[in-house]
Amino acid sequence: MSWVNIFYLTLVLCGLSGFAIALAYFSQQDLKFRTERQRAEQAAKPAPKPVKKAPVEERVLEHA
């Protein structure tokens with residue numbers, strides 16, 4: 001191989017490596033953004049009201 005071919009091959013490999021690094025970085029940032037947004041949405045939801053259960057004796061009488 002001539003030096004010119006090696007030079008262009010090196011440029012292509014560096015370009016592909018840079019693209020792979022950028023893709024990994026942006027996908028990680030996207031994942032962080034989505035989890036933060038989901039956490040914020042969960043925090044913004046009102047808490048569910050607790051369900052009052054009848055005492056055990058009343059529940060047993062209802063089923064009898």
Side-chain angles (χ1 to χ4, degrees):
M1 288 177 100
S2 70
W3 288 105
V4 174
N5 288 343
I6 292 173
F7 174 73
Y8 285 122
L9 182 63
T10 304
L11 283 180
V12 169
L13 289 177
C14 288
L16 290 176
S17 299
F19 178 74
I21 291 169
L23 186 64
Y25 173 76
F26 285 118
S27 64
Q28 179 196 21
Q29 292 300 326
D30 183 54
L31 181 63
K32 279 192 343 189
F33 173 75
R34 287 176 190 236
T35 53
E36 286 296 322
R37 185 178 61 190
Q38 189 177 24
R39 189 175 299 140
E41 287 173 355
Q42 289 293 93
K45 283 185 182 177
K49 294 181 180 178
V51 178
K52 273 189 151 180
K53 290 188 175 182
V56 176
E57 298 84 24
E58 290 180 21
R59 283 188 271 160
V60 170
L61 292 176
E62 288 174 0
H63 293 292

Checklist outcome for this item: In short, salt bridge (charged side-chain N to carboxylate O under 4.0 Å, His left out) pairs touching residues 12-31 with sequence neighbours left out are D30-R34
Item to check | side-chain contact (heavy atoms from CB on, under 4.5 Å) involving F7 - partner list, sequence neighbours excluded | outcome: L11
Next on the checklist: E41: which residues meet the side chain to side chain donor-acceptor pair (under 3.5 Å) condition with it, sequence neighbours left out?
Outcome noted: none
Item to check | Heavy atoms from other residues, nucleotides or ligands near CD of Q38 exceed 12 (cutoff 6.0 Å) | outcome: no
Checklist entry - Under a single-linkage definition using a 4.5 Å side-chain heavy-atom cutoff for Ile, Leu, Val, Met, Phe, Trp and Tyr, are F19 and L13 assigned to the same hydrophobic cluster? => result no
Next on the checklist: Going by the rule side chain to side chain donor-acceptor pair (under 3.5 Å), which residues pair with N5 if we only count those two or more places apart in sequence or in a different chain?
Outcome noted: none
Next on the checklist: According to salt bridge (charged side-chain N to carboxylate O under 4.0 Å, His left out), does anything in residues 15-28 pair up with another residue at least two apart or in another chain? List the pairs.
Outcome noted: none
Item to check | salt bridge (charged side-chain N to carboxylate O under 4.0 Å, His left out): pairs with one or both residues in residues 8-21, sequence neighbours excluded | outcome: none
Checklist outcome for this item: Applying side-chain contact (heavy atoms from CB on, under 4.5 Å) to L16 and not counting sequence neighbours gives V12
Checklist entry - With sequence neighbours excluded, what pairs up with K32 under the side chain to side chain donor-acceptor pair (under 3.5 Å) test? => result none
Checklist entry - Which residue pairs pass the salt bridge (charged side-chain N to carboxylate O under 4.0 Å, His left out) test when at least one of the two sits in residues 8-27, sequence neighbours left out? => result none
Item to check | Which residues share a salt bridge (charged side-chain N to carboxylate O under 4.0 Å, His left out) with E36, sequence neighbours left out | outcome: R39
Checklist entry - Linking Ile, Leu, Val, Met, Phe, Trp and Tyr by side-chain heavy atoms under 4.5 Å, what else ends up with F33? => result none
Checklist outcome for this item: Hits for side-chain contact (heavy atoms from CB on, under 4.5 Å) against S27, two or more places apart or cross-chain, chain-then-number order -> none
